[in-house]
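Taking it in order: structure first as structure tokens, then the write-up.
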Number of protein chains: 2
Amino acid sequence: MERSFQQTLGGGTAVAPADTRARVIRAAAELFAARGFAGTSISAIREASGTRSSSIYWEFGSKEGILAAVLEDAATRWHEHAFSEARRIDAECTADGPARLTAFLEALADALAARPEFLRLLLLLALERRDVDARSLQAIRNVRQRAVEDLAQFFIESGIAANLRPGLDLMELARGSLAFFDGSFIAAQIDPETTDLRRAFSLVRLGFAAFVRDTHHGGDDA
Amino acid sequence: MERSFQQTLGGGTAVAPADTRARVIRAAAELFAARGFAGTSISAIREASGTRSSSIYWEFGSKEGILAAVLEDAATRWHEHAFSEARRIDAECTADGPARLTAFLEALADALAARPEFLRLLLLLALERRDVDARSLQAIRNVRQRAVEDLAQFFIESGIAANLRPGLDLMELARGSLAFFDGSFIAAQIDPETTDLRRAFSLVRLGFAAFVRDTHHGGDDA
DNA sequence: TGTCTGCTGGAACGATCGTTCCATGCGGCG
DNA sequence: CGCCGCATGGAACGATCGTTCCAGCAGACA
């Protein structure tokens, strides 16, 4: 039987279950990101987390339950790590326009390079479980939608979106940027030694010059 | 025991094994692309291809052998389909510069949309089996490298690469384009109803305006 | 025609899969 | 202290996994 969905708030918890839960989620996230959902066995999660199968099933109910918990945890963790980190660096940036965009892109690339597990998990599961599980796919869609909105918000705040080409949607620009980020990240995963994520991300900045009307003062460094 | 690695050339083949081989490769390719390698069982391949396990193991030796054959077959098939198709349309195009680039990008997007299994297979396996099988990963790297070279070749022929910004490598531009293609394709896989691949690919054309010095005559349609 | 070789049909192998069961331990509460 | 309920340890479940074995059949070659 599965434990209640509520995370034992307030009431007297007998033994600390948070340890088990957190350890399983961490181990499962790494394994899922590395080998995929189908390629990860409960035994592997059990060994990596130092728990027993019965505890895992008590906490999560099924393998799908582990995946749901992992996705939920990773989504919040990712958002706190990557975007908040990029926004924090952005807040320190006094410049505006291209220079500010550069700092933001580099911060994003560094955050991705430092903790690649989440984006790996996201993309791998999106491809692997496309027609399998609607719930996990929806969770992935939500994370991506939020990333697009955050990007659009940054474009507005940094003044890039102020003078877009006519006929070019801001959301479309954000989606395109996200697509380029994803593709560059995958390229870095496939051959890591020949791909520099920071350098790749900086290409976006150059590309942006084509989408805004020329009002800023050039800024054409390499 | 596995059959000889050579594909029974010239010698008298008793019963036609090509049927079995082709059917297994086709079925396995679809299943791998949809569910991943670990998520696809021999039983599923056996049922989808209408063969028996013993025939599969006689032909391919192991599940890894199936994967190797699928990748090899898909690589050539992909290159014939997508890039040759795009080049064929390109050969019919009398224009040059941005218009020619547009036709090429749309042809590429259509080819991807018409047969998405291969790129799905490529990206899924690249993420799923990154630290598992070096051989299949190398095959994937080869396909991508060839795609980058083909892109670069097209950039040269269509006159786009003639006047690149200083400090910007042609190969880097081709790799960036490939990354954007991959990311857009994944976006189309995750939420197909809100993503138009042709439209997304056409963004590349706009972005290119930023990477070449302005010599052509504008060309700023939506 | 007889033999040889290539390939198939069908059953089976041990291992591992996800999952369940139950006895046991260990808190909090009366 | 004794009861209760959450959580664990350990063993086991049937199903399915990838793989193997072998008898049998159909052309090729003599």
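In what follows, chains carry the letters A, B, and so on, assigned in the order in which the sequence lines appear, proteins first and then strands, with residues in each chain numbered from 1. When reading the values below, keep in mind they use all heavy atoms of this one structure, side chains included, and skip hydrogens, waters and symmetry mates.
Ser54(B) comes within contact range of at least one nucleobase, with a heavy-atom separation under 4.0 Å.
OP1 or OP2 of dT8(C) has not a single side-chain nitrogen or oxygen of Arg52(B) nearer than 4.0 Å. Look at Ser43(A) and you won't find any side-chain N or O under 4.0 angstrom from OP1 or OP2 of dG18(C). The side chain of Ser53(A) contributes no N or O atom lying less than 4.0 Å from OP1 or OP2 of dG9(D).
Rounding to whole angstrom units, CG of residue Leu31(A) and P of dG18(C) are separated by 12 Å. What separates CZ of Phe60(B) from C1' of dT19(D) is a distance of 16 Å, to the nearest Å. The separation between Asp19(A) atom CG and dT8(D) atom C1' is 14 Å, rounded to whole Å. Atom C1' of nucleotide dG18(C) and atom CD of Glu47(A) are separated by 15 Å, given to the nearest angstrom. Between Arg35(B) atom CZ and dT16(D) atom P the separation is 14 Å, expressed in whole Å. One interatomic measurement links the two molecules: CD1 of Ile56(A) to C1' of dG10(D), which rounds to 14 Å at whole-angstrom precision. Between the CD1 atom of Ile42(B) and the P atom of dA11(C) there is a distance of 19 Å, given to the nearest Å. Distance Lys63(B) NZ to dC17(C) P: 12 Å, rounded to the nearest Å.
Residue Ser41(B) places its side chain closer to dG18(D) than to any other of dC6(D), dG18(D), dG6(C). For Tyr57(B), taking side-chain heavy atoms from C-beta onward, the closest of the listed nucleotides dT8(C), dG18(C), dG18(D) is dG18(D). Here the side chain of Trp58(A) is nearest to one of dT8(D), dG18(C), dT19(D), namely dT8(D).
When side chains are defined from C-beta on, Leu122(B) counts as touching Leu119(B), because their heavy atoms get closer than 4.5 Å.
Within the 3.5 Å criterion, the main-chain N or O of Arg129(A) finds no donor-acceptor partner in the side chain of Arg35(B).
Classification of Arg88(A) and Glu92(A) as a salt-bridged pair holds, one side-chain N sitting under 4.0 Å from a carboxylate O. Ion pairing between a basic and an acidic side chain is recognised when a charged N comes within 4.0 Å of a carboxylate O; Arg23(A) and Glu59(A) show no such pairing.
Counting only N and O atoms by type, the side chains of Gln138(B) and Arg135(B) include no donor and acceptor under 3.5 Å apart.
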